[in-house]
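Chain identifiers are assigned alphabetically (A, B, ...) following the order of the sequence lines, protein sequences preceding nucleic acid strands; residue numbering begins at 1 within each chain.
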Amino acid sequence: MKKEDRLEEKNPIESLLRMDRIPHIWCPGCGIGTVVTSFAEALHKSELDLDKVAIVSGIGCTGRVAGYVKLDSFHTTHGRAIPFATGLKLAHPELKVVVFSGDGDIAGIGGNHLIHAARRNMDIMVICVNNFNYAMTGGQVAATTPKDANASTAPYGNFEYSFSLPYLAEAAGATYVARWTALHLRRVTKSIQEAFNRRGFSFIEVITPCVTLYARRNRLGDGLNLLKYYYEKSEIQHGADTRTLDISYQGKLIVGKFVDKEKPTFLDCMNEHLAKVLGEKYQLYGENND
Amino acid sequence: MKKIKADPKGVLTGAHYLDGDHSLAEGGLAAGCRFFAGYPITPSTETAERFSERIPKVGGIFIQMEDELASIAALIGAVWGGKKAMTVTSGPGFSLMMENIGLACMMETPIVIANVQRGGPSTGLPTLTGQQDMMQAKWGSHGDYEIIALSPDSPQECFDLTIEAFNLSETYRVPTFVMTDECVGHMHEKVVIPPAEEIELVERKWYTGPKDKYLPYKPDKDMIPFMVKAGDGYRFHTTGLTRDERGYPVINAECQDVCVHHLVDKINKNADKIIKLEEQEIDNAEVIVISYGITSRVTTRAVEQARKAGIKIGTIRLITVWPFPEKRIKELAKKVKAFVVPEINCGQVVLEVERCAAGQAPAIHVPHCGGWVHDPDDIFKAIKEAAK
Ligand SMILES: Cc1ncc(C[n+]2csc(CCOP(=O)(O)OP(=O)(O)O)c2C)c(N)n1
Ligand code: SF4
Ligand SMILES: [Mg+2]
């Protein structure tokens with residue numbers, strides 16, 4: 001056993017965080033930290049060589065996650081975590097690359113990258129904290145804000161349709177899709193562990209309280225009230241048809257693992273195809289040419 | 001700065017008949033570029049096409065991304081994954097890349113971007129030439145930073161300067177641009193690719209010290225911090241936020257001062273080492289024509305006419321446009337009657353000449369809005385005016 005491992009045993013979660021950067025910036029009662037704890041648990045329980053796990057975030061409250069996790073960690077630009085992760089993964093296929101970012105980052109400004117990475121079945125994991133708003137900038141309306149919810153740029157209530165992220169991810173080609181809330185922390189951990197064991201594009205949405213902005217503006221109470229909402233209105237339906245997962249304002253939250261299948265990844269497809277077409281001239285990429 | 005020889009796998013040694021776009025790709029491959037991400041755009045697409053054909057055979061990877069925002073983000077990711085990476089684009093795509101060019105500057109990530117310029121603004125002249133993105137290359141991303149930009153005037157130089165761009169970007173850990181244009185990009189000429197052992201490359205400045213002592217942004221004696229890649233056990237952090245030597249965000253004016261000064265100084269203080277100019281008959285010149293890229297070739301004709309007319313004329317071709325040869329222009333401004341600056345835009349690099357000349361000698365601009373190169377007569381007229 002390496003010395004590092006023993007340290008981790010003593011304090012499994014702390015050893016995975018940059019304790020020299022604590023206290024973190026998140027508000028008391030914010031759900032992002034709890035999702036990070038689930039992530040750290042999953043890392044700890046996994047058999048992975050953590051030197052080979054990298055985390056990439058975009059910008060936002062959730063985007064700060066990369067700065068607190070003690071892995072090779074990249075805090076990039078708003079919306080571009082997925083293509084950054086794509087470059088990282090393709091340059092160094094041995095790495096497990098996780099994108100950890102917010103709903104605005106992943107599905108708003110970065111939505112195009114989300115669908116294309118899923119389409120390609122890029123072998124990365126995306127953990128998307130959905131707090132129904134653009135929190136970092138003060139609670140603006142997002143592509144995930146439920147109809148009728150109030151936001152700082154939807155002061156009369158939101159009248160746009162919102163994305164159902166699992167539906168979007170599956171339709172675009174993701175091979176692992178789950179949705180949980182910040183109440184289901186053990187399930188989140190388990191999903192992350194499962195996704196670590198899969199190859200392909202995994203997408204895990206975690207509905208998470210933003211107490212300071214979304215909850216306050218909509219008079220939904222504190223973190224506890226939100227968790228109570230999740231408790232009362234969430235329903236686990238593994239394998240549910242992702243077309244049925246729309247979220248209405250304070251309405252039902254269908255959670256669970258919806259997609260879990262195998263499909264060759266981008267690199268599998270590339271290697272197989274080029275080997276077939278180019279024959280001997282082609283040396284399989286990702287093997288001995290790192 | 002560790003020098004190494006090119007990997008023969010990527011070097012297509014021999015004499016070829018190539019256009020500038022294809023030469024850019026060959027230069028990249030010879031320089032060890034093994035990751036290319038891009039998005040098609042005229043008149044640069046041939047570079048991407050050549051990469052897509054060649055790179056799988058030399059152990060690299062090509063990916064056509066969903067847009068230029070993604071291409072440049074993927075490049076930066078790939079470099080932190082240990083690869084040398086390059087993309088190519090033109091005006092509209094260049095505009096889309098701007099935000100993450102700033103990220104590459106902040107993260108001190110060596111990447112190479114070729115811009116085969118076309119006439120703008122907006123969609124402008126997709127198939128016709130321009131030199132209108134020169135200022136954008138320097139200032140296009142927000143905030144203060146410095147980059148390096150080179151300007152080839154031939155397919156041969158597209159090859160040579162792409163290698164040079166990789167070497168500079170690795171040396172200074174900075175995005176480096178090959179600012180060519182549609183004319184050079186589509187011009188076919190002889191391109192000689194030397195044997196691999198004659199191509200000298202700069203190796204990335206890898207850190208080799210104890211793991212727990214690694215500080216991603218601690219400047220070394222030459223100002224440039226050591227680099228590591230993901231997966232090697234450093235568990236480092238990097239961010240686009242203003243950061244300290246650890247790579248940790250620090251949001252205050254003091255840290256900003258250190259961070260931004262570093263990004264700017266590492267290029268400006270090394271400008272003498274970076275800048276390459278081609279000077280001809282400068283010593284007794286009354287008038288100096290300053291040009292770059294395709295416009296230098298058109299200038300040649302005008303200069304011949306001027307010599308025939310008995311004007312004492314010298315030329316400077318800017319091989320490096322950014323950083324700008326400030327010192328040299330200042331020096332010469334004291335000796336000449338005037339500078340003449342033809343370029344295919346409404347006045348970009350001429351502003352720099354003017355700034356450096358600081359009133360000692362006028363800088364006469366010969367504008368062209370793009371779509372074609374100058375009529376040499378227009379340059380000749382400006383020279384005559386300058387010699388008066
Ligand atoms: C290109 C760009 N546009 C806008 C912003 C401002 N901005 C920062 S964070 C953010 C929204 C973040 O929302 P989300 O991804 O949902 O993260 P959250 O803060 O809710 O966790 C925006 C719009 C930016 N940083 N960059
Ligand atoms: S603003 Fe909302 S999302 Fe951001 S830290 Fe506070 S509670 Fe969390
Ligand atoms: Mg959000």
Side-chain angles (χ1 to χ4, degrees), chain A residues 4 18 20-21 25 49-57 59 64 66-95 97 109-110 112-113 115-117 119-120 266-267 270 274 277-278 281-283 285-286 288-290, chain B residues 9 34-37 53 55-85 87 99-104 106-107 109 111 211 216 228-241 243 246-249 251:
Chain A
E4 259 171 54
R18 298 191 190 276
D20 52 349
R21 290 211 56 218
I25 63 153
D49 173 359
L50 298 184
D51 284 350
K52 303 282 183 221
V53 184
I55 181 168
V56 183
S57 292
I59 299 292
R64 290 302 187 100
Y68 297 117
V69 179
K70 205 164 172 183
L71 297 170
D72 289 331
S73 55
F74 301 90
H75 182 217
T76 64
T77 44
H78 194 27
R80 315 302 159 209
I82 290 177
F84 187 104
T86 296
L88 186 60
K89 174 70 189 179
L90 294 182
H92 199 342
E94 222 190 305
L95 298 173
V97 180
I109 191 169
N112 197 31
H113 310 310
I115 58 174
H116 284 280
R119 172 181 66 78
R120 297 183 179 108
F266 175 90
L267 280 180
M270 182 183 95
L274 292 179
V277 178
L278 297 177
K281 271 179 276 176
Y282 186 66
Q283 186 197 347
Y285 181 83
N288 308 323
N289 53 11
D290 243 357
Chain B
K9 244 194 316 185
R34 294 295 178 268
F35 183 90
F36 182 97
E53 190 204 321
I55 211 170
K57 297 180 189 162
V58 303
I61 194 159
F62 168 92
I63 184 168
Q64 183 172 307
M65 295 301 286
E66 50 274 19
D67 55 32
E68 290 86 348
L69 304 162
S71 306
I72 181 108
L75 242 57
I76 304 171
V79 169
W80 285 103
K83 289 276 191 285
K84 282 185 166 182
T87 190
E99 187 191 12
N100 271 356
I101 285 170
L103 181 71
M106 195 59 134
M107 288 185 167
T109 310
I111 53 173
K211 281 207 165 130
V228 296
K229 68 179 197 302
D232 287 352
Y234 291 94
R235 307 222 193 157
F236 65 97
H237 182 60
T238 180
T239 172
L241 289 165
R243 37 61 182 176
R246 296 170 301 174
Y248 288 4
I251 309 302

message: Pair B/Met107, A/His75 - check side chain to side chain contact (heavy atoms under 4.5 Å, CB included), show working.
response: CA-CA 10 Å; B/Met107 288 185 167; A/His75 182 217; 5.6 Å; no
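- Taking chain A as the reference chain and counting heavy-atom pairs below 4.5 Å, the highest number among B/Gly240, B/Ala85, B/Gly247, B/Ala230 is found for B/Ala230.
- When each of A/Leu50, A/Val69, A/Val53 is tested with B/Arg235 by the rule side chain to side chain contact (heavy atoms under 4.5 Å, CB included), just one qualifies, namely A/Leu50.
- Heavy atoms closer than 4.5 Å to chain A are found in both the backbone and the side chain of B/Ile61.
- Heavy-atom pairs under 4.5 Å with chain B peak, among A/Arg64, A/Lys52, A/Arg80, A/His78, at A/Arg80.
- Checked by atom type and distance alone, the side chain of B/His237 pairs as donor or acceptor with a backbone atom of A/Ser73 at under 3.5 Å.
- Taking CG of A/Asn112 as the start and CG of B/Leu69 as the end, the distance is 8.5 Å to the nearest 0.5 Å.
- Contact check for A/Arg21 versus B/Arg246: no side-chain heavy atoms found under the 4.5 Å cut-off.
- Closest non-hydrogen pair, B/Ala78 versus A/Ala91, comes out as O-CB, 3.3 Å.
- At a threshold of 4.5 Å between non-hydrogen side-chain atoms, the residues A/Lys281 and B/Pro56 do not count as touching.
- Interface residue A/Leu267: only side-chain heavy atoms are found under 4.5 Å from chain B.
- Between A/Arg120 and B/Glu66 there is a side-chain heavy-atom pair separated by less than 4.5 Å.
- Side-chain contact between B/Ile63 and A/Phe266: present, with at least one pair of heavy atoms (C-beta onward) separated by less than 4.5 Å.
- A/Arg18 forms no cation-pi arrangement with B/Tyr248, by the criterion of a distance under 6.0 Å to the ring centre and an angle within 45° of the ring axis.
- Ring geometry for A/Phe74 versus B/Phe236: interplanar angle over 60°, hence perpendicular rather than tilted (30 to 60°).
- Each of B/Thr238, B/Asp232, B/Leu241 has some count of heavy-atom pairs under 4.5 Å with chain A, and the biggest count is that of B/Thr238.
- In this structure, no portion of B/Met106 lies under 4.5 Å from any heavy atom of chain A.
- Residue B/Ala70 touches chain A through both its backbone and its side chain, counting heavy-atom pairs closer than 4.5 Å.
- Of all non-hydrogen atoms in B/Ile76 and A/Phe84, the two that sit nearest each other are CG2-CE1, 3.5 Å.
- When the candidates B/Arg34, B/Met65, B/Lys57 are compared by the number of heavy-atom contacts under 4.5 Å with chain A, B/Met65 comes out ahead.
- Note: B/Phe62 CZ to A/Leu90 CG = 12.0 Å, rounded to the nearest 0.5 Å.
- Interatomic distance, NZ of B/Lys229 versus CG of A/Leu95, reported as 8.5 Å (0.5 Å rounding).
- Here A/Thr77 contributes atom OG1 and B/Leu103 contributes atom CG; the two are 5.0 Å apart, rounded to the nearest 0.5 Å.
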